[in-house]
Amino acid sequence: MGPQQDRSAAKPYANGTAAPAAGRKENKVVRYKECQRNHAASIGGHAVDGCREFMASGAEGTAAALLCAACGCHRSFHRREVEAAAECDCSSDTSSGARR
């Protein structure tokens with residue numbers, strides 16, 4: 001048997017991105033914007049329905065939460081926008097500075 005591996009370390013996902021390490025909380029806000037589904041793909045054209053923002057059809061955690069109430073498309077057709085929450089390190093350490 002080989003040496004034990006650290007199972008708490010971040011493991012990569014199948015798509016190549018790294019999973020967040022255990023104990024480290026990522027503060028990211030994900031919003032779904034305009035629908036990008038091509039409704040005219042079957043006839044060789046390009047037409048979108050004009051839905052400007054995803055609105056869930058049901059409560060969070062249900063299957064209906066993945067469907068848009070405005071256009072009926074699945075959430076994956078809407079442009080995904082990830083906003084990193086700004087973390088402020090407002091702790092000021094004045095005790096280590098020189099006093100005059």
Visitor: With rounding to the nearest 0.5 Å, note down the distance linking CD in Q36 to CZ in R79.
Guide: 6.5 Å
Visitor: Checking E53 now: which residues fulfil side chain to side chain donor-acceptor pair (under 3.5 Å) with it, not counting sequence neighbours?
Guide: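 For E53, no residue satisfies side chain to side chain donor-acceptor pair (under 3.5 Å) once neighbours in sequence are set aside.
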Visitor: Which residues pass the salt bridge (Lys or Arg N to Asp or Glu O under 4.0 Å) test with R31, sequence neighbours left out?
Guide: E83
Visitor: To the nearest 0.5 Å, tell me how far F77 CZ sits from H39 NE2.
Guide: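 F77 atom CZ to H39 atom NE2 measures 8.0 Å (nearest 0.5 Å).
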Visitor: NE2/H78 to SG/C73 distance, rounded to the nearest 0.5 angstrom?
Guide: 5.5 Å
Visitor: So, for C71 and D49, which heavy atoms are closest and what is the spacing to 0.1 Å?
Guide: CB-OD2, 2.8 Å
Visitor: What side-chain hydrogen bond (donor to acceptor under 3.5 Å, both in side chains) pairs are there with at least one residue in residues 59-68, not counting sequence neighbours?
Guide: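 Matches after skipping sequence neighbours: none remain.
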Visitor: As a quick check of understanding, evaluate side chain to side chain contact (heavy atoms under 4.5 Å, CB included) for R37 and V48, giving each step before the final call.
Guide: CA-CA 6 Å; R37 181 177 180 192; V48 293; over 6 Å; no
Visitor: Please name all residues satisfying side chain to side chain contact (heavy atoms under 4.5 Å, CB included) with R52, sequence neighbours left out, ordered by chain then number.
Guide: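 None.
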Visitor: Starting from Y32, can I reach V29 by hopping between I/L/V/M/F/W/Y residues whose side chains sit under 4.5 Å apart?
Guide: no
Visitor: In chain order, what residues pass the side chain to side chain contact (heavy atoms under 4.5 Å, CB included) check against A47, with sequence neighbours excluded?
Guide: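 Scan of A47 (side chain to side chain contact (heavy atoms under 4.5 Å, CB included), adjacent residues dropped) gives A40.
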Visitor: Run the side chain to side chain donor-acceptor pair (under 3.5 Å) test against H74 and tell me which residues pass, sequence neighbours left out.
Guide: S76
Visitor: Quick check: do V30 and R80 have side-chain heavy atoms less than 4.5 Å from each other?
Guide: yes
Visitor: Using a 3.5 Å distance criterion without hydrogens, assess whether the side chain of S57 forms a donor-acceptor pair with backbone atoms of L67.
Guide: yes
